[in-house]
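Notes follow the structure.
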Amino acid sequence: MTRIDFHSNVPDKLLYACRLVRKARAAQCRIVLRVEDGNTLALLDQALWTFSDLDFLPHVAANDPLAATTPIILTDNDEAELPHHHILINLSSGTPAHFARFERMFEIVSSDDADKNAGRERYRFYQQRGYPLTHFVAEQA
């Protein structure tokens, strides 16, 4: 059963996701990042290349021919074919369609009221289905 970790009160979801990815890659994990739309996908792509001068986080879009051999996959499409199912980081406001295929999922929720409300709905959804949940409140910078 998928373990789900909620991280709430996050001031910058993309930067926070980059840090989570760095930590997960240090543990040799393969990661999928799910975002809301193409614009956010482009911003996340850029952030992963530039957030740290010392870290190399190789990533491609889910539809890229190199996806099967790349440890970090980005997608804004719930129906995308995904080559691995270790960690899912959800940056979107919805419940990912195939989250149960993953060993672990991180739900990243900002301090924005609409995002908090959507996060609460997702939390209840998982809770009602018996998924193991943890909750971490990020500190504001």
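- Looking only at side-chain heavy atoms (C-beta outward), I73 and L82 come within less than 4.5 Å of each other.
- Annotation: side chain of D5 is not in contact with side chain of F136 (no heavy-atom distance under 4.5 Å).
- Rounding to the nearest 0.5 Å gives a distance of 7.0 Å between CZ of R25 and CZ of R30.
- In this structure a side-chain-to-backbone donor-acceptor pair under 3.5 Å is missing from R101 to H84.
- Listed here is the closest heavy atom pair of A138 and Y16: CB-CE1, 4.0 Å.
- No single ILVMFWY cluster, assembled from side-chain heavy atoms under 4.5 Å apart, contains both F6 and I87.
- The OG atom of S92 lies 12.0 Å from the CG atom of L41; values are rounded to the nearest 0.5 Å.
- Contact annotation: the side chain of E79 approaches that of H98 to within less than 4.5 Å [non-hydrogen atoms, C-beta and beyond].
- Judged by distance alone, the side chain of T75 and the main-chain N or O of N77 form a donor-acceptor pair under 3.5 Å.
- The CZ atom of R3 sits 11.5 Å away from atom CD of E103, with the distance rounded to the nearest 0.5 Å.
- Counting all heavy atoms, side chain and backbone alike, A24 lies closest to I31 at CB-CD1, 3.7 Å.
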Requested in this report: Starting from the C-alpha separation in whole Å, work towards a yes-or-no answer on side chain to side chain contact (heavy atoms under 4.5 Å, CB included) for V35 and L74.
Outcome: CA-CA 8 Å; V35 297; L74 311 180; over 6 Å; no

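- In terms of modelled atom types and a separation under 3.5 Å, the side chain of R122 and the main chain of S93 share a donor-acceptor contact.
- Distance alone, capped at 3.5 Å, places no donor-acceptor pair between the S8 side chain and the V109 backbone.
- Note on V32: it does not cluster hydrophobically with V21, by side-chain heavy-atom contacts below 4.5 Å among ILVMFWY residues.
- Residues P71 and P58 meet the side-chain proximity criterion, which asks for heavy atoms closer than 4.5 Å.
- Residues M1 and R129 approach most closely at CE-O, 4.2 Å, considering heavy atoms.
- Residues meeting the side chain to side chain contact (heavy atoms under 4.5 Å, CB included) test with P96, sequence neighbours left out: D78, L88, N90, F99, M105, E107, Y126.
- Residue L57 comes nearest to C18 through the heavy atom pair CD1-O, 4.2 Å, listed as atom of the first residue, atom of the second, then distance.
- I89 CD1 to L33 CG: the interatomic distance, rounded to the nearest 0.5 Å, is 4.5 Å.
- Pairs of residues two or more places apart, or lying in two chains, that qualify as side-chain hydrogen bond (donor to acceptor under 3.5 Å, both in side chains) and include a residue from residues 37-50 are D37-T40, D45-W49, D45-H59, W49-H59.
- Salt bridge present: D115 and K13 bring a charged side-chain N and a carboxylate O closer than 4.0 Å.
- Tracing side-chain contacts under 4.5 Å through hydrophobic residues (I, L, V, M, F, W, Y), one reaches V10 starting from L48; they form part of the same cluster.
- Of all heavy-atom pairs between D12 and L15, the closest is OD1-N, 3.1 Å.
- In terms of hydrophobic clustering, with Ile, Leu, Val, Met, Phe, Trp and Tyr side chains grouped at heavy-atom distances under 4.5 Å, F106 and I4 are assigned to different clusters.
- Between P83 and A68, the shortest heavy-atom distance links the atoms CB-CA, 3.6 Å.
- Here the straight-line distance linking atom CZ of R34 with atom OG1 of T95 works out to 10.0 Å at 0.5 Å rounding.
- The cluster map of Ile, Leu, Val, Met, Phe, Trp and Tyr, joined by side-chain heavy atoms under 4.5 Å apart, puts F51 and I108 in the same cluster.
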